[in-house]
Amino acid sequence: MSTGTTRSASELLTTQQFELARFDDYSRQGQLLAIAVHGLFAVFGLLIGAPQLTLLQLVSIAVYAVSFAIARRRMLWLQTSLVYLDLLVHSTLAGWIVGVEAGFQYYSWILLPLVFTNVHRTLRSKVITAALLSVVFVVIDLWLRHAQPLVAIEPAALAALRYFNIGCYLLALGMASYAHGKTARELQERLRSAAGTDSLTALMNRRRMSERLVEEVARARRKGDALSLMLLDIDRFKTINDEHGHAQGDRVIAHVADVLRTGVRQVDMVSRWGGEEFLILLPDTDVQAAAELAERIRRQVTLKVHRVEGVESRVTITAGIATLRPRESIEATIHRADVALYEGKRAGRDRVVVSEGDLDVELRVAAQG
């Protein structure tokens, strides 16, 4: 059954929480990758006779281990500062140890995309930080080009190291871009879903259902399939609100929504059409099958006993059924379902009424018990 979401509205993360969670997930993955790269460089330092480089890698691994511990305590500012500081200081010292031609300074450039994709910072702070970093990058590069390397390595090894560092930088840049793009797409989808979801029931709202109606009508006409609508309304809902309060009214609406959610097929679409009114779209369903489904739902709704301040009561619903006719607009079909619904209200409520002309004999089922 399509409800716009399969979880209750209370379980959905806000857009901001979702973005923060995604950022933290990708940050942890990036730190794991950094630890792996530092491990490789630690071994490489030993192979080329540069123990200073190996020691630097071990320090960075320790920094990331501390960063993980800090992340568990949600000390995000300190965690971010440690990672940023390690990237800047590590790349500078590594460049000093083996020389600027090794390309270690490229790792500090990763800070720019990291700064701009950091959802914990404001745009103003991102711009200021990026400007300061750009100045620092230029200063560091100028210094490294005039500094004497602490360890002399073979030109071939230096070239291999340079291209390896360029590859790692491009990989990190690509991963950051991919993570940012994926998060943006997921956020867009969540916003689209939220815009089409009723916050109380987690069903489709009227806006989203209106879109699906257009799509399903076109599909039904193209394939020649039947298409039925069920419009139902909670009986005496105003009395429930007036006598027991809006909180109880919300619970009643949620109860009916749950019955609808579990009572229809996977292909059916349920929406909160407005207030205490629900619209169910039934693809490939004739009027007889739609009326039988409505009757099962009506019976299921009445099974639950509501207790408010020691008083027990049962909720009932009235439903109107209409099937799309040839050359009929969906608005006209909804109107006929609405007319059938209010005919049921006038006849005493707690019943299912089929739109006149859709069935030779109207299905009218009074409440049992």
side-chain contact (heavy atoms from CB on, under 4.5 Å) evaluation trace for Arg261 with Leu203: CA-CA 8 Å; Arg261 183 182 289 109; Leu203 298 174; 3.8 Å; yes

Quick check: closest heavy atoms across [X] and [Y], and the distance to 0.1 Å?
X      : Y      : answer
Val353 : Gly344 : CG2-CA, 3.7 Å
Tyr106 : Tyr169 : O-CD1, 3.2 Å
Ser91  : Ser108 : OG-CB, 3.2 Å
Asn241 : Gly249 : OD1-CA, 3.4 Å
Ser60  : Asp86  : OG-OD1, 2.7 Å
Thr92  : Leu144 : O-CD2, 3.7 Å

Out of curiosity, [X] [atom1] to [Y] [atom2], how far, rounded to the nearest 0.5 Å?
X      : Y      : atom1 : atom2 : answer
Gln105 : Asn165 : CD    : CG    : 8.5 Å
Asp338 : His335 : CG    : NE2   : 7.0 Å
Arg251 : Asp258 : CZ    : CG    : 13.5 Å
Ile128 : Leu133 : CD1   : CG    : 12.0 Å
Lys223 : Asp284 : NZ    : CG    : 8.5 Å

Plane angle bin for Phe104 and His90 - parallel if under 30°, tilted between 30 and 60°, otherwise perpendicular: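 Aromatic pair His90/Phe104 classed perpendicular.
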
Plane angle bin for Phe137 and Trp109 - parallel if under 30°, tilted between 30 and 60°, otherwise perpendicular: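 Judged by the thresholds at 30° and 60°, the geometry between Trp109 and Phe137 is tilted.
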
Report yes if the side chains of [X] and [Y] come closer than 4.5 Å at any heavy-atom pair, otherwise no.
X      : Y      : result
Ile321 : Leu229 : no
Thr122 : Ser125 : yes
Val267 : Leu282 : no
Met204 : Arg272 : no
Thr323 : Asp286 : no
Leu279 : Ser271 : yes
Met269 : Met209 : yes
Arg219 : Glu215 : no

Worked verdict on Phe41 versus Phe164 for ring-ring contact (aromatic ring centres under 6.0 Å, His included): CA-CA 11 Å; Phe41 276 128; Phe164 179 78; 5.5 Å; yes

Is there a donor-acceptor pair under 3.5 Å between the side chain of [X] and the backbone N or O of [Y]?
X      : Y      : result
His255 : Val301 : yes
Asp268 : Arg265 : yes
Thr318 : Arg349 : no
Ser67  : Val63  : no
Thr197 : Ala202 : no
Ser228 : Ala290 : no
Thr285 : Pro283 : yes

Determine, for [X] against [Y], whether the closest basic-nitrogen to carboxylate-oxygen distance falls under 4.0 angstrom.
X      : Y      : result
Glu211 : Arg206 : no
Asp235 : Lys345 : yes
Arg351 : Glu295 : no
Glu343 : Arg346 : no

Residues Glu328, Arg336; criterion salt bridge (charged side-chain N to carboxylate O under 4.0 Å, His left out); working and verdict: CA-CA 11 Å; Glu328 180 183 51; Arg336 289 193 296 106; 2.7 Å; yes

Asp198 side chain to Thr201 side chain, donor-acceptor N/O pair below 3.5 angstrom: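 Short answer, yes.
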
Passing option when Val217 is tested against Thr333, Leu281, Ile330 for side-chain contact (heavy atoms from CB on, under 4.5 Å):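 Answer after filtering Thr333, Leu281, Ile330: Ile330.
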
Arg325, CZ: over 12 other non-hydrogen atoms inside 6.0 angstrom: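 For Arg325, atom CZ is crowded (more than 12 foreign heavy atoms under 6.0 Å).
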
Exceeds 12 heavy-atom contacts within 6.0 angstrom, atom CH2 of Trp273: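 More than 12 within 6.0 Å, yes.
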
Full working for side-chain contact (heavy atoms from CB on, under 4.5 Å) between Thr302 and Val315: CA-CA 6 Å; Thr302 61; Val315 173; over 6 Å; no

Hphob cluster co-occupancy, Val89 + Ile61, side-chain heavy atoms under 4.5 angstrom: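 Linked within one cluster.
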
hydrophobic_cluster_shared for Ile110 and Val127, side chain cutoff 4.5 Å: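 Unlinked, Val127 and Ile110 end up in two clusters.
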
Intermediate values then yes/no, side-chain contact (heavy atoms from CB on, under 4.5 Å), Tyr64 and Leu82: CA-CA 8 Å; Tyr64 282 111; Leu82 276 176; over 6 Å; no

side-chain contact (heavy atoms from CB on, under 4.5 Å) evaluation trace for Phe237 with Val256: CA-CA 12 Å; Phe237 184 75; Val256 174; over 6 Å; no

Pairs touching residues 35-48 that satisfy side chain to side chain donor-acceptor pair (under 3.5 Å), sequence neighbours left out: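 Residue pairs with at least one partner in residues 35-48: His38-Gln57.
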
